[in-house]
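Since the structure comes first, as structure tokens, the remarks are kept for the end.
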Amino acid sequence: MVRPKAQPEKFKALFSSGKRFDYQKNETILRARETPRGVYLIEEGIIKMYSLSKQGNEHVLDFFGPGDLFPVVWPFQQNVRRTYYEAISKVSLWLVPGETFMDFVDEDPEVMSEILNRLIDRYHLHVGRIDNLLYTDAHERSAYRI
């Protein structure tokens, strides 16, 4: 299970020095193959991350809420993903450039530790989802989830 996301004062200070954006429900924040403008911190609202199949079907990959950062891997690897980020409620975000975020992370081991913990939590969540797919029927999947 994902731990509750604390917003340490250090994160608040960094992102409050950035730029604030507000999005309405169903507005796209980041499109597939679009280079991110930086890293976002969600102040309020919920965002879904999804991809589209060749047939145009939406496949939801994850959800992000208050205190979450996205796309947190991008400043480390600079690879642009084929995923969309869309507001599913009214959303307020703070944005800092990727370089500013990396300087912030590089300068403070506690910050790097917090980022690593968040990524590990998401990793465990996704491994659990994959494991759940191994169960053959809805009854087994439901029992596994409970």
Which atom of Ser16 lies closest to which atom of Trp94, heavy atoms considered:
O-CZ3, 3.8 Å
Residue pair Pro75 / Gly98: nearest heavy atoms and the distance that separates them
CB-O, 4.1 Å
Here the pair of heavy atoms bringing Ser89 nearest to Ile46 is OG-N, 3.0 Å
Here the pair of heavy atoms bringing Arg20 nearest to Ser92 is NH2-OG, 3.1 Å
Does NZ or CZ of Arg31 lie under 6.0 Å from the centre of the six-membered ring of Tyr85, at an angle within 45° of the ring axis?
no
Taking the side chain as C-beta and beyond, is there a heavy-atom pair between Leu52 and Asn57 under 4.5 Å?
no
To the nearest 0.5 Å, how far apart are CG in Asp68 and CD in Glu43?
13.5 Å
Any idea which heavy atoms bring Phe21 and Leu95 closest together, and the distance?
CE1-CD2, 3.6 Å
Under 4.5 Å between any side-chain heavy atoms of Glu86 and Met49, yes or no?
no
To the nearest 0.5 Å, how far apart are CD1 in Ile88 and CD1 in Ile47?
9.0 Å
Hydrophobic cluster identity match, Leu14 and Met102, side-chain contacts under 4.5 Å:
yes
Of all the heavy-atom pairs spanning Ala87 and Gln24, show the shortest one and how long it is.
CB-O, 3.4 Å
Starting from Leu61, can I reach Leu30 by hopping between I/L/V/M/F/W/Y residues whose side chains sit under 4.5 Å apart?
yes
Heavy atoms, side chains only, cut-off 4.5 Å: are Phe76 and Phe101 in contact?
yes
For the hydrophobic clusters of this structure (ILVMFWY residues joined by side-chain heavy atoms under 4.5 Å, transitively), does one cluster hold both Val73 and Val96?
yes
Mind checking salt bridge (Lys or Arg N to Asp or Glu O under 4.0 Å) for Glu27 and listing every partner two or more places apart, or none if nothing turns up?
none
What residue pairs, at least two apart or across chains, pass side-chain hydrogen bond (donor to acceptor under 3.5 Å, both in side chains) with a residue in residues 96-112?
Lys10-Asp108, Lys10-Glu110
I need the single residue from Tyr23, Phe70, Phe11 that forms a ring-ring contact (aromatic ring centres under 6.0 Å, His included) with Tyr40. Which is it?
Phe70
Please identify which of these residues, Leu41, Asp22, Ile42, meets the side chain to side chain contact (heavy atoms under 4.5 Å, CB included) condition with Leu93.
Ile42
Any side-chain heavy atom of Leu69 sitting closer than 4.5 Å to one from Ile115?
yes
Is any side-chain heavy atom of Lys90 closer than 4.5 Å to a side-chain heavy atom of Lys25?
no
His59 versus Ser53: any side-chain heavy-atom pair under 4.5 Å?
yes
Results of ring pair (Phe, Tyr, Trp, His ring centres under 6.0 Å) for Phe15 - residues two or more places apart only
none
